S.K.: 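Shown below is the structure under consideration.
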2 protein chains.
Amino acid sequence: MMSKQSLRELKKEATGHALADAAFELAIDRGLDGFTVDDIVQRAVYSRRTFANHFSCKEEAVATAALTFKSTKEAEDLIGDMSENTPLLDMLYHMMKMQMTADHFWKMRKLVSLSRRNPTLVPYILSALQRLKKSAQQILTELSHGRYSNEHIHLLVGAVYGAIQPLYDGSLDVSLPGESASETSEAISYEQYVDTIFNYLRNGF
Amino acid sequence: MMSKQSLRELKKEATGHALADAAFELAIDRGLDGFTVDDIVQRAVYSRRTFANHFSCKEEAVATAALTFKSTKEAEDLIGDMSENTPLLDMLYHMMKMQMTADHFWKMRKLVSLSRRNPTLVPYILSALQRLKKSAQQILTELSHGRYSNEHIHLLVGAVYGAIQPLYDGSLDVSLPGESASETSEAISYEQYVDTIFNYLRNGF
DNA sequence: CTACAAATTGCCTGTTGTGCAATAATTCTC
DNA sequence: GAGAATTATTGCACAACAGGCAATTTGTAG
């Protein structure tokens with residue numbers, strides 16, 4: 001079903017994750033300007049040249065660490081229990097719900113706070129979000145065995161990810177499950193927002 | 001209605017556009033790797049330091065040149081003749097239609113072709129598209145005088161721009177007005193695609 | 001006209017990107 | 001399982017880049 005991973009590919013991905021994680025950790029406790037690529041590779045024990053083989057800059061590494069599935073298994077977990085012929089919209093809704101883990105929220109929160117202080121991050125956040133989108137898209141394509149056209153899937157997934165983007169790029173303030181919704185004045189509940197999105201998409205605007 | 005521009009601001013924007021345009025031109029006839037920041041500032045007759053004051057790298061300049069309104073007037077032209085109490089969805093549809101000029105198509109086409117050869121561009125394309133989105137959003141917010149919540153506008157505009165994104169980041173092949181739709185095997189008509197988007201958003205998926 | 005604010009510039013230095021060639025690790029073929 | 005082919009990692013070297021600082025020019029305000 002899924003692409004099989006050669007040992008070589010697994011190792012390559014592992015070094016990528018190691019580098020990205022190191023970058024993310026450094027960013028969290030020193031800020032984006034508080035460290036260099038050399039610091040990253042020193043922490044992850046790789047060469048600077050290798051870092052450049054995986055990422056174009058530290059911003060890309062940081063965003064990737066926060067918004068990437070670490071394994072195909074992690075991506076497949078989004079599927080959970082879905083019957084083969086669930087409608088496309090329901091499948092996507094299901095996957096979005098499965099994505100809402102405490103870990104995901106925590107990383108998102110950190111990422112947004114970093115990007116607020118340093119807008120250089122934003123392009124790479126959008127780019128990482130796009131990779132998440134493509135994962136979802138690919139899963140849906142496989143799962144729906146030709147019931148929907150490529151164009152249709154692109155369109156729907158694009159609309160959903162476009163609508164949640166403001167939560168990730170910092171244009172909207174989010175409140176998370178643990179927090180009371182009225183704590184921050186203008187903050188929006190992540191889960192309610194997603195529900196709203198799907199309500200509109202289901203019934204039209 | 002719109003924010004008035006001091007002479008100083010106008011001049012600053014002008015140098016920004018001059019630099020961005022120079023970068024875009026160079027990218028078109030030498031490719032993204034075929035020139036340096038020095039080449040850009042030499043062509044636009046500014047200092048390298050000034051370039052850094054406006055853009056973080058040449059990719060950002062290139063994407064900005066292709067996907068930015070050069071003046072507030074150009075942005076306001078999108079409004080055209082719209083009555084004050086047009087429904088939000090209709091206003092947005094109208095604006096998307098107004099955006100479809102030959103010039104816009106041409107720039108988009110060039111941008112996509114550049115990003116295909118050099119994926120480094122992609123994050124900055126997404127970022128530039130986000131700026132376009134924000135312009136649209138701001139216009140709609142002003143134009144709809146509190147008839148819709150901030151959240152609602154964010155959501156709708158996000159969905160639309162998310163859905164058209166594949167046309168700009170190169171994940172879908174586009175055919176343009178001049179070309180026959182069946183010329184390229186898998187190519188999609190830009191205008192038909194947008195119409196499809198709005199059909200779905202109107203009536204639900 | 002004068003004082004103020006902001007944009008542009010040059011200079012400088014630490015940081016970064018990348019081609020090339022060498023090495024080490026994995027995969028393939030027989 | 002041994003040797004050949006592929007690919008990831010690394011070091012080196014050098015051009016390109018980012019950003020702080022201070023000086024200068026140019027627009028703004030009173």
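Just so it is clear: chains get the letters A, B, ... in the order the sequence lines come, proteins before strands, and each one is counted from 1. This structure is a prediction, so every number in the text was calculated from the model and none was measured.
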S.K.: Hey, is the main chain of B:Thr86 close enough, under 3.5 Å, to the side chain of B:Arg147 for a donor-acceptor pair?
M.R.: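 Flag set: sc B:Arg147 to bb B:Thr86 pair under 3.5 Å.
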
S.K.: In residues 120-131 of chain A, what donor-acceptor pairs under 3.5 Å come from side-chain atoms, sequence neighbours left out?
M.R.:
residue, atom, partner, partner atom, Å
A:Thr120, OG1, A:Asn118, OD1, 2.4
A:Tyr124, OH, B:Tyr124, OH, 3.0
A:Gln130, NE2, B:Asp169, OD2, 2.3
A:Arg131, NH2, A:Thr64, OG1, 2.8

S.K.: List, one per line, each side-chain donor-acceptor pair under 3.5 Å for residues 17-27 of chain A, sequence neighbours excluded.
M.R.:
residue, atom, partner, partner atom, Å
A:His17, NE2, A:Lys70, O, 3.3
A:Glu25, OE1, A:Arg43, NH1, 2.6

S.K.: Measure from CZ on A:Arg8 to P on D:dT9 and round the result to the nearest Å.
M.R.: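 That distance rounds to 10 Å.
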
S.K.: Atom CZ of residue position B:Arg30 - does it have more than 12 heavy atoms of other residues, nucleotides or ligands inside 6.0 Å?
M.R.: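 Enclosed: over 12 neighbouring heavy atoms sit under 6.0 Å from CZ of B:Arg30.
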
S.K.: Provide, to the nearest angstrom, the distance between the CG atom belonging to B:Asp33 and the P atom belonging to D:dA15.
M.R.: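 So the two atoms are 17 Å apart, to the nearest Å.
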
S.K.: If you count heavy atoms of other groups shown closer than 6.0 angstrom to CD of A:Glu74, is the number above 12?
M.R.: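 Counting neighbours around CD of A:Glu74, more than 12 heavy atoms of other residues, nucleotides or ligands fall under 6.0 Å, so yes.
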
S.K.: Please tell me if B:Thr36 has a side-chain N or O lying less than 4.0 Å from either OP1 or OP2 of D:dA16.
M.R.: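 Result: no.
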
S.K.: Just checking B:Tyr46 against B:Phe51, ring centres under 6.0 Å apart?
M.R.: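 No, they do not, as the ring centres are separated by 6.0 Å or more.
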
S.K.: Can you list everything that forms a side chain to side chain contact (heavy atoms under 4.5 Å, CB included) with A:Met98? Sequence neighbours excluded, please.
M.R.: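 If we apply the side chain to side chain contact (heavy atoms under 4.5 Å, CB included) test to A:Met98, skipping adjacent residues, the hits are A:Leu78, A:His94.
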
S.K.: Pairs counted as Watson-Crick or G-U wobble with both distances under 3.5 Å: what dot-bracket string results for DNA chain C, using | for bases tied to another strand?
M.R.: ||||||||||||||||||||||||||||||

S.K.: Output the rounded distance in Å from CG (A:Leu7) to C1' (D:dT9).
M.R.: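 It is 15 Å, rounded to the nearest whole Å.
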
S.K.: Going by modelled atom types, is there a donor-acceptor pair between the base of D:dT10 and the side chain of A:Arg48 at under 3.5 Å?
M.R.: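 Check fails, no donor-acceptor contact within cut-off.
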
S.K.: Whole Å only: how far is the OH atom of A:Tyr46 from the C1' atom of D:dT10?
M.R.: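 After rounding, the gap between these two atoms is 12 Å.
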
S.K.: What heavy-atom pair brings B:Ala66 and B:Lys107 nearest, and what distance separates the two atoms?
M.R.: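 Scanning both residues completely, I find the closest heavy atoms to be O-CD, 3.6 Å.
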
S.K.: Tell me which of A:Lys11 and A:Thr120 sits closer to the 5' end of DNA chain D, going by the nucleotide each one is nearest to.
M.R.: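 Between the two, 5'-proximity favours A:Lys11.
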
S.K.: Under 3.5 Å, is there a donor on one side chain and an acceptor on the other for A:Asn85 and A:Ser83?
M.R.: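 Result is yes, a qualifying pair exists.
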
S.K.: Has the side chain of B:Lys58 got a donor or acceptor atom that lies under 3.5 Å from a matching backbone atom of B:Leu32?
M.R.: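 Yes; judged by distance alone, with no hydrogens or angles, the pair exists.
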
S.K.: Please report, rounded to the nearest Å, how far the C1' atom of D:dT26 is from the CD atom of B:Glu9.
M.R.: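 Distance check: B:Glu9 CD to D:dT26 C1' gives 15 Å.
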
S.K.: Pull out every residue in residues 52-66 of chain B that has a heavy atom closer than 4.0 Å to any atom of DNA chain D, ordered by number, or say none.
M.R.: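 Per residue number, the list reads B:Ser56, B:Cys57.
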
S.K.: Would you say CZ of B:Arg116 has more than 12 non-hydrogen atoms from neighbouring residues, nucleotides or ligands within 6.0 angstrom?
M.R.: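 Count over threshold, so yes.
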
S.K.: Reading DNA chain C 5' to 3', which nucleotide is the first, and which the last, to come under 4.0 Å of any heavy atom in chain A?
M.R.: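 Nucleotide range with atoms under 4.0 Å of chain A: C:dT15 to C:dT27.
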
